[in-house]
There are 2 protein chains.
Amino acid sequence: MDKKTEQKKVFLEIVQQLRQLIKMEKIQAGEKLPSERVLSERLGVGRSSVREALRSLELLGLIETRHGGGTFLASTHKHQLVEILSMFILEDEKSKKDVELTRQIHEKEAIRVISCTETLQTLPVWDSFFVKLEIEGTINCLDVLREILITSGNRLSLKIWFQLAAYDGDRLNRNSTEDEKLQIQTMLKSMQLGYEREALKAYEQWMKNVQSI
Amino acid sequence: MDKKTEQKKVFLEIVQQLRQLIKMEKIQAGEKLPSERVLSERLGVGRSSVREALRSLELLGLIETRHGGGTFLASTHKHQLVEILSMFILEDEKSKKDVELTRQIHEKEAIRVISCTETLQTLPVWDSFFVKLEIEGTINCLDVLREILITSGNRLSLKIWFQLAAYDGDRLNRNSTEDEKLQIQTMLKSMQLGYEREALKAYEQWMKNVQSI
DNA sequence: TTATAAAAAGTGGTCAGACCACTTTTTGAC
DNA sequence: GTCAAAAAGTGGTCTGACCACTTTTTATAA
């Protein structure tokens, strides 16, 4: 017998089933979920149990509920989560640092991958960043990193990065400063030319800059 | 008026109040919380509302509940946020290759960190691995990697690695072959001496070996 | 026909009560 | 003093009810 699953909490199973349902019905971000009453009937459980599962997911920011409107699959998981986490979990600096370091682990690896792959180096998107930097003089830091992660091609790493950026990326979701402009340009140019170590060096300089903000 | 807060979700306020209560009563990790019925009375809300808040905190791993026993404040850092998120992330990410690559991202970074930190290089655990390899001629691959991840000191990275290893690490949870013995020894020795690149090279050779198994 | 307001239906928010399963505490017989 | 039975305490779940709010439908007036 599978003793590990047979004693699982029921409301956790509901969470699982909800995940399955979302997958089966191909519910996209922002779209509506079945109502609580419908869910309780379809899953064969009481409405209160459904609500316990939904409230958990809401606290995680995975769904959004509108009084009288319905329940919706969240487009961006962030809202209360950061608040709750900082309230209970991320109280000590060590945890915050770990989130930042782990996010950077994925960013550095993406830079390495791109610097070692010619087909990724020559993508037009990097040039478009240069153009934007020259014309507007600045660029959204998070946009640059997101593009790097996307380009690197590891979708799982990208998903993890999204989660980490949701906690830690506030300092990055802004336009770059004058100092950063140079570091970003150096990093992108090195990446394009396949200079892995130079790209990483410029990235680390950039991140030092970010820390002081 | 503070219109932003006056319309907040009630169950979120209960979460807040619970936190206050924990602080006020100086409830330590592992200690018991008031029962659901008592809480609903003290907070002036229905028991189901209390439960919705408690279930949310349980999903985050901040509290533990024992059927018939009570609700207890979880010991710190036992939160299963990563586990929950990985449930949602890994569920629809079927690419085994991405899981493997991402797991290796974390392993490589851990090797880098140790190779650059003298206090980590000189830990006796590495020597114990050498002794075990010489006496028994083999060692559990997963044990070596786990120790590396633990030693690197990034608890979040470690948590993510555990999840990835649970999906992908079956091939690693075994004793090393004769070929691998050399690669592991080279990797560990290079790490001890601070030879980052050599350690990574040996690691990558090792992983190539793993793939063919 | 179109526009608008009223009514109805749908949905989340909350509460109260009931019953079950399990654990802890108390009781009482030995 | 021991130990088993009974009682009390507690979490787990379901049902039904009512409220507040939103969306849809319907009815009325322009």
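Protein chains get the first letters and strands the later ones, always in sequence-line order, with residue 1 at the start of each. Everything quoted here is computed from the prediction, not taken from an experiment.
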To the side chain of A:Val45, which of C:dT14, C:dG13, D:dC14 is closest?
D:dC14
Once you apply a heavy-atom cut-off of 4.0 Å, does A:Thr71 come out as touching a base, just sugar-phosphate, or nothing?
sugar-phosphate
Using atom CD of B:Glu36 as one end and atom C1' of C:dT14 as the other, report the distance to the nearest whole Å.
16 Å
Which whole-number value in Å describes the distance from B:Leu39 CG to D:dG9 P?
16 Å
Considering every strand and a 4.0 Å limit on heavy-atom distances, what is the contact class for B:Ser35: base, sugar-phosphate, or nothing?
sugar-phosphate
Compare every heavy atom of B:Gly30 with every heavy atom of B:Phe72, then report the nearest pair and how far apart it is.
CD2-O, 3.5 Å
Could you state the atom-to-atom distance from CD of B:Glu52 to P of D:dG11 in whole Å?
16 Å
For B:Trp126 and B:Phe129, take the angle between the two ring planes, folded into 0 to 90°, and tell me which bin it lands in: parallel under 30, tilted 30 to 60, perpendicular over 60.
tilted
Let's test your reading of the model: under 3.5 Å, does the base of C:dG12 pair with the side chain of A:Arg66 as donor and acceptor?
no
Nearest-Å distance for atom pair CZ/P, residues B:Arg51 and D:dT10:
14 Å
Atom-pair distance (CZ on A:Arg55; C1' on C:dT14), nearest Å:
12 Å
Grab the CD-P distance between B:Glu64 and C:dC22 for me, whole Å please.
20 Å
Tell me, do A:Leu158 and A:Asn154 make a side-chain contact under 4.5 Å, heavy atoms counted?
no
Please tell me which of B:Gly68 and A:Val38 maps to the more 5' nucleotide of DNA chain C, matching each residue to the nucleotide holding its nearest heavy atom.
A:Val38
Among D:dT10, C:dC15, C:dA21, the one nearest any side-chain atom of B:His67 is C:dA21
Round to the nearest Å and state the distance from B:Leu57 atom CG to D:dG11 atom C1'.
16 Å
Under 3.5 Å, is there any donor-acceptor pair linking the side chain of B:Arg47 to the base of C:dG17?
no
Whole-Å gap separating C1' (D:dG12) and CG (A:Leu43):
17 Å
Taking all non-hydrogen atoms of both residues, which atom of B:Ile27 and which atom of B:Leu73 are closest, and how far apart?
O-CD2, 3.4 Å
Ranking C:dT14, C:dG13, D:dG12 by distance to the side chain of B:Ser49, first place goes to C:dT14
Looking at D:dG9, does its base get a donor-acceptor pair with the side chain of B:Arg37 below 3.5 Å?
no
Which is more 5' along DNA chain D, the nucleotide nearest A:Ser48 or the one nearest B:Lys32? Just name the residue.
B:Lys32
Spell out, as yes or no, whether a donor-acceptor pair under 3.5 Å connects the side chain of B:Gln121 to the backbone of B:Ser115.
yes
